[in-house]
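Worksheet: one structure, shown below.
In the text below, chain A, chain B and the rest are named by the order of the sequence lines, each starting its count at 1.
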Number of protein chains: 2
Amino acid sequence: MVVDRNATVAVHLVVLTVLDDELVALVLIEGRNRLVLPGGPVLDDEDLLGAAERELWDLTGLEASRVHVEQLATYGLPPRVTVAYLAVVPGAAAELITDTDGAADADDVVDEYDDDGGADDEAPEAEWLPVDELLSSPDSLAFDHHRILGDGVERARCKLEYSPLATAFCPDEFTIGDLRRVYQAVWDTALDPRNFHRKVSGTADFLVETGRITAGESGRPARLYRRGDVDRLHPSLQRPG
Amino acid sequence: MVVDRNATVAVHLVVLTVLDDELVALVLIEGRNRLVLPGGPVLDDEDLLGAAERELWDLTGLEASRVHVEQLATYGLPPRVTVAYLAVVPGAAAELITDTDGAADADDVVDEYDDDGGADDEAPEAEWLPVDELLSSPDSLAFDHHRILGDGVERARCKLEYSPLATAFCPDEFTIGDLRRVYQAVWDTALDPRNFHRKVSGTADFLVETGRITAGESGRPARLYRRGDVDRLHPSLQRPG
DNA sequence: GCAAAAGTGTTTAGCTTACACCCATGT
DNA sequence: ACATGGGTGTAAGCTAAACACTTTTGC
């Protein structure tokens, strides 16, 4: 009965956001059509969540306080174990990366991915890719990252029903229409705007009014809300289908 | 940026069952009122789930095929990481342990718990203790095992709503009354027997009739059911309150 | 017969759904 | 004026809670 004392613990991230009404995930392109989820080893002075938050900061520059991060599951066969985290970032913040990415200062986006194959010193490029495309082709992602992404997306889809997770896709202040478009993108389904409005504004402490309203957009101005202080929705929303 | 290559990966178990209409968890008594959850290191030739199932077999003699085991979460600060699993066993199978335990052949119940403190060669004694007592006194369990137990119980309580997990508390064949008593014990709430009966028998593929009925008990004989082949209940049950 | 548990029927209240309708802005 | 999205009202249909009632056993 030999105890394994040589385990390597890494973290990987499923980073989700909504861009142009589409659910997208952050993936690294390591050349030759090789896609992986961002991640890396846990350092000596970190706990698991801290390592996940550091990786996320390296990639997006987002402070942990502004991002929803939760543990997903742990995968792999010792001595190689990876703890996967789900991160949800606002679409507005995510667009910054895509922009600067195109502007050729993507060299900040470095990943110390601990790889079996021959990892060279090339910094992989980070990109937002649609989740449905990634999930519909099982070989798009290397290792077991397809499964991890699937688990992360599944978690997000479920948690929209009974938790205020959808607000993590939105900026600090958002309209009920913004929130509805998040639900529609994540669930990949159409929702009746009128019933959705009544539903979420009737769910206790889900949303708090800021008093401000939007301006300059097409249509009637909408009230702006901030996320309320609950981690459980009562009553919960129901996914159609 | 030093990579930690000396991590120790262990598994721990939240083992739940229902005895005498009460939700109980399996804990090890290590003397001096020191209670811990069962667990131990992952061996060289095991994956994580395999290690959890082996620990469970060591404690209860239950084959993995007869027990529901699912991953809960991963805790701890590297280089010491523990992957917690939730196990649900039928009350009937669980009573065997408690019985043989009292009959003084508990020496089978050995655990290789990897401990910081001075672990001697005394085999800890395993016992079923009520979950509400364990959870209401935060210092009853050592390390972070109180938190792990809480997470496991919370997971079980949630999954009763939308999954057939409750059948894992029951023997192969059970009545709807048996199932209701599981729900009542786990949720610690009273349920209307008539509405519960209609609800579960109307949930598609939750239960399949065996054709057999109970005999020799007080009251009208009840139909015996086996668990159906679904992992999602439609529609889901709702917890009162 | 009586107690106990299984199982069915019925009523009522609440909730969801679909959609008619009005509101307030940009163009 | 008209398009666009925000927001409210309402009726039909479905679901769940409460409980009266019948069934079938053990004692």
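Put simply, CZ on A:Arg239 is 17 Å from P on C:dT16, counting in whole angstrom units. Between the P atom of D:dG9 and the NE2 atom of A:His197 lies a distance of 12 Å, rounded to the nearest Å. For the pair B:Leu179 CG and C:dA5 C1', the computed distance is 16 Å after rounding to whole Å. In this structure, A:Asp178 atom CG and D:dG6 atom P are separated by 8 Å, rounded to whole Å. For B:Arg223 and C:dT8, the CZ to C1' distance is 10 Å, given to the nearest whole Å. Straight-line distance from the CG atom of B:Leu191 to the C1' atom of D:dA16: 13 Å, rounded to whole Å. Between the CD atom of A:Gln238 and the C1' atom of C:dT17 there is a distance of 12 Å, rounded to whole Å. Across the protein-nucleic acid pair, A:Gln184 atom CD and D:dG5 atom P stand 12 Å apart, rounded to whole Å.
Which of D:dG6, D:dC19, C:dT17 sits closest to the side chain of B:Arg194 comes down to D:dC19. With C:dA6, C:dC19, D:dT8 as the choices, the nucleotide that has an atom nearest any side-chain atom of B:Arg220 turns out to be C:dA6. Set against C:dA6, C:dA5, D:dG7, the side chain of B:Ala222 has C:dA6 as its closest nucleotide. With C:dG7, C:dC19, D:dG7 as the candidates, the nucleotide lying closest to the side chain of A:Asp192 is C:dC19. Comparing C:dC19, D:dA18, C:dA4 against the side chain of A:Asn195 picks out C:dC19 as the nearest. For A:Arg198, whose side chain is taken as the heavy atoms from C-beta onward, the closest listed nucleotide among D:dC19, C:dT8, D:dG9 is D:dG9.
Nucleotides of DNA chain D nearest to A:Gly219 and A:Ile176 differ in position, and the one nearer the 5' end is that of A:Gly219. If A:Thr175 and B:Pro221 are placed on DNA chain D by their nearest nucleotide, the residue sitting closer to the 5' end is A:Thr175.
Using a 4.0 Å cut-off between charged side-chain N and carboxylate O, A:Arg226 and A:Glu209 make no salt bridge. For the pair A:Asp151 and A:Arg155, the salt-bridge criterion is not met [side-chain N within less than 4.0 Å of a carboxylate O]. The pair A:Asp178-A:Arg181 counts as a salt bridge, with a side-chain nitrogen and a carboxylate oxygen less than 4.0 angstrom apart.
Residue A:Leu224 comes nearest to A:Glu173 through the heavy atom pair CD1-OE1, 3.7 Å, listed as atom of the first residue, atom of the second, then distance.
At the heavy-atom level, B:Glu217 lies under 4.0 Å from the strands shown only through sugar-phosphate atoms.
To the nearest 0.5 Å, atoms CD (A:Glu127) and CD1 (A:Ile29) are separated by 4.0 Å.
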